[in-house]
Amino acid sequence: MPRYNPAVIEPKWQLHWEKNKTFRTPEMPSGDKVYILDMFPYPSGAGLHVGHPEGYTATDIQARYWRMRGKSVLHPMGYDAFGLPAEEYAIRTNTPPRVSTEQNIANFTRQLKMLGFSYDWDRCLATTDREYFRWTQWIFLLLFDTWFDLEQQKGRPISELPIPADVAAKGEDAVSLYRDKHRLAYQDEALVNWCPGLGTVLANEEVIDGKSERGNHPVQRMPLRQWMLRITAYGDRLISDLDGLDWTPGIKKLQADWIGRSTGAEVDFPIVTASEFSKWQSTRRGQPYPDSIPADVLRIYTTRPDTLYGATYMVIAPEHPVVKTITTPEQSAAVKQYCDNAAFKSDRDRTDGDKRKTGVFTGAFAINPVTGKPIPIWIADYVLIGYGTGAIMAVPAHDDRDFEFAKAFQLPIQCVVEPSKNDSDRETILAGGVCFTGDGLAINSGSLDGLGTEAAKAKIIDELTASGVAKQAINYKLRDWLFSRQRFWGEPFPILHELDAASKPTGIIRAVDTRELPVDLPQLEDYKPHGRPEPPLAKADDSWLYVTIDGKRYRRETNTMPQWAGSCWYYLRFIDPTNTSAIVDQAKEKAWMPVDLYIGGAEHAVLHLLYARFWHKVLFDRGYVSHAEPFHKLVNQGMILGEVEYTGFQTAGGQWVSTAQTEKGETGYVHSKTKETLNSISVADSDVTKSGDNFVLVSDPSIRIDSRAHKMSKARGNVVNPDAVVTEYGADSLRLYEMFMGPLEATKPWSTTGVNGVRNFLDRVWRLMIDTHTDGNALVDSIQDVEPTSEQNRVIHGTIMAVTRDIESLSFNTAIARMMEFVNFFTKETVRPRKGMEALILLLSPYAPHMAEEVWQALGNTESLAYQAWPIFDESLTKASEIEVPFQINGKLRTKLMVPADSTAEQLEQAARGHERLADWLDGKQIVKAIVVPGRMVNFVVK
RNA sequence: GCCAAAGUGGCGGAAUCGGCAGACGCGCUGGACUCAAAAUCCAGUGUCCUUAACAGACGUGUGGGUUCGAUUCCCACCUUUGGUACCA
């Protein structure tokens, strides 16, 4: 075979691996195991884009490397195939979702195999497989069967839930309803995000700026009865267990912030007159803080109880239940108007724009429990009903939002925290003219005066707890997970609703027997959403919809699960994909878990990882898995952008406008002065030159040109198709290039000439070993069975050392650079020791496996190199006997000298003092100090 | 606004227990080979000054600081990208 021809080599080895099941994983690991996992893809109709192979190549290199290091490697792949896009594609093309999904999966599989990834394809699964979602439904039933024991901080079987005597006394149905209220999977009438455009409700996480994450449709708030998962119960553990994980601090922080744990206090403000206050106080003193809110108080949550003396008014959310009871007749018209307005506002309107504070006075007053003074109660939409108690004490002096509100409505501002002496705004702050949110010393605060912020918090909580008015409290931003969707293409809930004789729901629900799983999707003629919150599954035949058990009639739950459900546990199923009696065999789970390396896009940093960790903890509590956390090491690959483009701007008249004079308008770019709409013009590479920090037109250097890489998108037409790259350069080149572009985690622009560059490198490797003048894979004559020279050994062992170290730290770009240096060196050598050539091929094999196998075979081997031992290096052979050492004067490099590598500090200093080129610099100067680092440098400090 | 990451040649990037800035690749320039081209191989390639060489000055977003010595550490600021949105 004269030339390197990936089009022939690559299919040959893909077939070989597939036939010989080269990458089949043993059921149980022998010796050490590594579980290397990709975030499995959503099989869209567009096929793979070049972003997919980036992460997949990184994990494949790891998998191949650890196999060669003798570990048992689990490296599987599957498809996350339920969800909206498949369904919308199906509606558009009038194909049942299952059919189009299977076509897409087939195309993805073809593309993945074309890239030579060493997956154990026997373990491939899709979340839409009936045998898979059978177990997704099973886990839902486990959530349904679990309640969270706050004391033990643990999920336990619902049968162990203590039933209060008064509930038990009311009979079986009451007990049943009581249990339903405590399950991790429960139904709740809640204000939900209803999206008419998609015909479904969405989780908070799926709504961005009041629009749906998918499709960008507007979302409204409306009350609906929905399935919820009690993820908030696990809030503390989801934060604290991050500690033991090998994730970047950034991702950990993102998760912790999303959960948003805050500590503070709940405080009761009595809604009584000033004269009734002392009486109210005495009813509370010495009593435990009431669990349910008494009718005569407004309960608030605050993280700054130390500022209680500065609370000059209160604010409640428009949806707060006491609005109706406390509003005075004089204010009722204004209050009604404000609240109605707020209800009609979408979340977007509420948060949009300048966030100017709006509000209305209820006419009512509450007593500040520490000052005894009445303070007004206002309604404002900057207080959210869903967080804390839906009511706040407003401390305008020390909270930005309260301050703005107080300014807008001329409410009093009382400073109670003294800033430090050197705060430039100190006087203004003390006078209430500026808001101060930092820590300081308490003032105007009774017994708290003089205490620091932390001490004051502790003291006030102690005091108020003793008087029965407050207690320490914890709150989370995280809400329970809204788990049901009104769409067709998802897992049906394995839940039955009991019906009475008139076919009305009785409110009693029961789980489908686990032996009856899976509950398959019904056959439907029409599964399109119709814009009303009644799910499409309600249109199924009665034979699917209605079930009779023990003489009772039931109607099936018609909601489906969200797309996240299937991806919450797929990593477990890969361990034991064909098990028909359990989600995963316990011994296998124990042997393979946790996932040692998990690579995927940063877009899943919050949602998928949070949900999966939550499910995993429930499975852990219930004894089905052996570790508290599923993913030990997590790496987020960066995004791959399109090629760098130069863009200039022209007026409609064809006049160039420098980018310095443009700004983003509502629809496109406009002239920053005239606001004239501008056309963006793509400018050729050759018409652009660099001037200072900017690119400008060659023809007119006063015109600045925008130079940047953009996200790949169909609209921009800069999408790179992996199929085309493989056809032109080969899969090995694509893999190698994506690893050579830069650090895995960085965002990087694509460059076609860069792909050509690594292809060039592979050609050079080929010619280094294969005689291109003969047919067949004959080796070049320079490859000989001789011992390497010491210089050759330095290159060989140095390369093995560097490549090994880099592969373990995921620094693939520098590993490739080292192999290029190896090839540059040996291309010039007329004798190429066989041992060295073999080492290079083995080092290269995780990156360019097809070519490596082919050359390995040419080197006389008959077995695949997939399980060949990784080359070992002798560190003593990597060191040169002589090294070049820089000599500096006052930290500036003046000359260099070759010295024996083991020179001592004294020898180095002597060599430097005797060096003729330094003599000129030292002439007439005095050496104040000599700094000598053996093996590195010499520096003279002179005067 | 807040949070996170990042700013190094014409381009992608390399080098940080502080010790020769620019590895490797792309691009570009020149040479060899060729009738010619492609391919390949060899050499050069941060900027500036000097006729040129030797050499020198400057140089890692900006301004300060610590140090014999700073791309690396500290302070302030600017820019870019990503995330987030009144969570009391």
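Chain A is the first sequence line, chain B the second, and so forth, proteins listed ahead of strands; every chain is numbered from 1. The structure displayed is predicted, hence computed values, not measured ones.
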Nearest to the side chain of Lys357(A), which nucleotide is it out of A88(B), G56(B), C86(B)? C86(B)

My understanding is that only residues two or more places apart in sequence, or in another chain, count here; which of them pass side-chain hydrogen bond (donor to acceptor under 3.5 Å, both in side chains) with Glu728(A)? none

Atom pair distance, as rounded to whole Å: CD in Glu603(A) and P in U81(B): 19 Å

By side-chain hydrogen bond (donor to acceptor under 3.5 Å, both in side chains), which residues pair with Thr753(A), not counting sequence neighbours? Ser751(A)

Taking only N/O atoms, report every protein-nucleotides 12-18 of chain B pair under 3.5 Å with atom names and distance.
residue, atom, partner, partner atom, Å
G12(B), O2', Met741(A), O, 2.8
A14(B), OP1, Asn813(A), ND2, 3.1

Which residues satisfy the salt bridge (charged side-chain N to carboxylate O under 4.0 Å, His left out) test with Asp257(A), sequence neighbours excluded? Lys253(A)

Not counting sequence neighbours, which residues clear ring pair (Phe, Tyr, Trp, His ring centres under 6.0 Å) with Trp750(A)? List them please. Tyr737(A)

Which donor-acceptor pairs under 3.5 Å do the side chains of residues 813-823 of chain A make with protein atoms, sequence neighbours left out?
residue, atom, partner, partner atom, Å
Thr814(A), OG1, Asp806(A), OD2, 3.0
Thr814(A), OG1, Ser811(A), O, 3.0

Between G22(B) and C74(B), how far is it from one P atom to the other, in whole Å? 25 Å

Round to the nearest Å and state the distance from Arg299(A) atom CZ to A88(B) atom P. 18 Å

Measure all distances between protein nitrogen or oxygen atoms and nitrogen or oxygen atoms of nucleotides 67-72 of chain B, and list the pairs falling under 3.5 Å.
residue, atom, partner, partner atom, Å
C68(B), O2, Asn939(A), ND2, 2.3

Classify the nucleic acid contact of Ser262(A) as base, sugar-phosphate or nothing, counting any heavy atom under 4.0 Å across all strands shown. sugar-phosphate

Which part of the nucleic acid, if any, lies within reach of Gly388(A) when heavy atoms closer than 4.0 Å are counted: base, sugar-phosphate only, or nothing? nothing

Proximity to the side chain of Glu884(A) - top-ranked nucleotide from C20(B), C11(B), C26(B): C20(B)

List the residues meeting salt bridge (charged side-chain N to carboxylate O under 4.0 Å, His left out) with Arg716(A), not counting sequence neighbours, and say none if there are none. Glu645(A)

Salt bridge (charged side-chain N to carboxylate O under 4.0 Å, His left out) against Asp400(A), all qualifying residues, sequence neighbours excluded: none

Listed pairs, N/O of protein and of nucleotides 39-48 of chain B, under 3.5 Å:
residue, atom, partner, partner atom, Å
U40(B), OP1, Asn760(A), OD1, 2.9
U40(B), O3', Arg767(A), NH2, 3.2
C41(B), OP1, Arg764(A), NH1, 2.8
C41(B), OP1, Arg767(A), NH2, 3.4

Could you tell me whether Arg708(A) contacts a base, only the sugar-phosphate backbone, or nothing, with contacts defined as non-hydrogen atoms closer than 4.0 Å? sugar-phosphate

Stem segments of RNA chain B by first residue number [Watson-Crick or G-U, under 3.5 Å, at least 3]: B:1-7 with B:78-84, B:10-12 with B:24-26, B:27-32 with B:40-45, B:46-48 with B:56-58, B:61-65 with B:73-77

side-chain hydrogen bond (donor to acceptor under 3.5 Å, both in side chains) filter on His604(A), not counting sequence neighbours, yields none

